[in-house]
Amino acid sequence: MTAADASARIRETFGVEAGVDGASVTVAVPRELWAELGLFALKRLGCCYFNWLSAIDWKEQGLEVVCRVENLDAGLVVTMRTRLGPGETRCASLAGLYRGADWMERECYDMFGIRFEGHPDLRRILLSEDWEGYPLRKDYAVDTPFAPYR
Amino acid sequence: MPDTQVRQTVEVGYGGNERLMMNMGPQHPSSHGVFRMILTLEGETVVGVDAVIGYLHRCHEKLGETLTYVQYPSIASKTDYVAAMTSELAYVSAVEKVAKIDVPRRAQYLRVVAAELQRIASHCLWLGTWCLDMGGALGGGATVFLYCIRERELVLDRLEELTGARLLYGFHQVGGTRYDIPAGWDVKVRETVDFIERRIDEYEAMLGANAFFLARTQGVGVISRELAQAVGVSGPLIRGSGVNYDVRRAEPYSSYGDFDFVVPVETAGDCYARYRVRMVEFRQSIRIVRQALEGLPEGPISSRPGVKSVGQVRVPKGEGYARVEGARGEVGCYLVSDGGPKPYRMKWRGASFSNLAVLPHIVPGHKVADVVAIMGSVDPVFGEVDR
């Protein structure tokens with residue numbers, strides 16, 4: 001499977017244009033199709049290697065979730081993205097498809113406050129349970145005061 | 001308290017098949033960092049693991065958004081402080097990718113030499129501490145540890161001569177390297193790797209024929225090929241599970257395509273397979289160092305003038321992900337630039353984070369003593385797990 005094949009299949013199934021750069025394919029879908037895209041990448045594109053998942057805060061335009069999966073045998077890289085929309089924090093979980101998404105989504109929840117629906121154990125991973133706020137959001141200032149001993 | 005009462009209390013708490021929750025860490029010596037595992041035990045067998053991380057969390061990703069492209073590389077080395085060269089390299093590669101900055105060939109070769117020496121030093125520390133953790137089975141365990149640390153010192157001496165620092169180097173900068181090699185350094189490096197190569201034979205003789213070592217590592221902590229991919233482990237872990245995946249081959253960076261080396265792959269997926277992979281990597285790293293020093297091109301070491309003021313790097317709007325093969329696996333950096341002097345968003349893909357995530361899947365079913373052996377074979381560095 002080459003990047004061009006993958007791009008063509010994505011166009012057929014989701015009706016969106018995927019960007020191709022070498023062996024790397026980048027595809028953005030609406031939030032509702034996120035889990036479907038994950039399943040498609042795993043089953044149809046053979047991307048069973050889960051690399052990482054994270055998010056970007058685009059301020060008033062809302063959050064964007066980015067996930068990179070790979071088909072190691074074919075050398076194919078698929079970067080999946082979805083915009084959640086302004087003020088939206090819900091997103092479908094990929095933890096049922098990729099076990100690596102478990103910790104990555106927990107980290108993403110910890111840092112951005114994205115609620116991954118269907119995640120088996122969504123709680124903070126790096127910060128303590130009683131931490132207030134989501135540090136990687138743009139409205140969280142670096143010098144946000146916090147009580148030192150809790 | 002009367003004696004009988006004490007005995008009763010003890011007996012009540014010691015009933016047959018009931019489950020016991022036990023904290024392993026956060027200050028357990030075998031984690032070589034701060035890591036807590038809440039183990040659920042049935043007798044001596046682990047039936048459940050809850051891994052608690054984050055004790056070393058400094059929010060590098062937020063820090064990266066507040067520091068300029070010139071300032072951050074020296075902080076990048078503090079993510080994986082045992083292999084600082086590759087962490088720095090991941091960050092500067094990402095900046096170079098987004099800003100489309102070329103790196104002179106000499107700098108690329110120097111990067112390779114530094115990264116491979118770092119891999120040798122890191123693997124030395126891994127082997128030593130792992131054998132120390134498995135303790136008594138290896139005749140006190142400290143023997144291998146002291147030998148490995150002795151060899152690691154030699155490599156650190158070379159890196160000190162190159163950069164002036166022994167642990168956190170600040171060697172890489174956007175567009176090249178900060179320092180050229182000092183006079184006579186290449187000869188010293190060749191002597192060092194020749195010496196270490198002989199020592200590796202000794203380690204293998206000590207461990208490979210040790211029945212206790214084999215009993216504690218073979219068939220322990222098996223990661224299947226499917227699990228390795230689904231969790232996203234990389235480096236020696238995934239290669240020990242039968243997947244031929246090495247970033248140096250999959251997406252050659254920094255002139256790795258010029259060098260002749262073997263990517264070791266083992267299929268068993270257990271602790272012993274990971275040990276075998278790393279022992280071969282030692283030798284391959286030495287091979288690469290020799291080739292890179294042999295073919296070291298002449299020329300400049302940086303495509304940019306010396307850094308005089310911060311904010312000198314201009315990165316256009318865009319994004320990119322650059323990855324390198326660190327000692328523990330794929331170290332990646334995802335950068336989003338809005339055209340300003342600092343990244344809009346920076347994400348670290350720490351190899352140790354993904355590698356450690358496999359623990360809850362493989363530890364259940366093993367004895368408590370094996371947990372130590374398994375964790376050592378994963379080789380996590382908690383600066384990189386928690387970032």
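Throughout, a chain's letter reflects where its sequence line sits, starting with A, and its residues are numbered from 1. For the numbers below, each heavy atom of this structure counts, side chains included, while hydrogens, waters and symmetry mates do not.
Neither the backbone nor the side chain of B/Leu56 comes within contact range of chain A; no heavy atoms are under 4.5 Å apart. For A/Val69, no part lies under 4.5 angstrom from a heavy atom of chain B. Only the side chain of A/Arg123 comes within contact range of chain B, with heavy atoms under 4.5 Å apart. Neither the backbone nor the side chain of A/Arg124 comes within contact range of chain B; no heavy atoms are under 4.5 Å apart. At a 4.5 Å heavy-atom cutoff, B/Arg249 makes no contact with chain A through either its backbone or its side chain.
In this structure a side-chain-to-backbone donor-acceptor pair under 3.5 Å is present from A/Arg115 to A/Gly113. Using a distance-only test at 3.5 Å, with no hydrogens or angles considered, no donor-acceptor pair links the side chain of A/Asp21 to the main chain of A/Ser24.
For the residue pair B/Glu325/B/Tyr253, the side-chain donor-acceptor check at 3.5 Å is not satisfied. A/Tyr109 and A/His119 share no side-chain donor-acceptor pair at under 3.5 Å.
Between A/Trp58 and B/Tyr344, the angle of the ring planes stays under 30°, which puts this pair in the parallel group of the 30/60° scheme. Taking the six-membered ring where the residue is Trp, B/His60 and B/Tyr72 present perpendicular rings, their angle passing 60° and hence far from 30°.
Salt-bridge formation is not detected for the pair B/Lys317/B/Asp338: no Lys NZ or Arg NE/NH1/NH2 atom is positioned less than 4.0 Å from an Asp or Glu carboxylate oxygen.
Within residues 34-56 of chain A, the residues having any heavy atom under 4.5 Å from a heavy atom of chain B are, by residue number, A/Cys48, A/Tyr49, A/Phe50, A/Asn51, A/Trp52, A/Leu53, A/Ser54, A/Ala55, A/Ile56.
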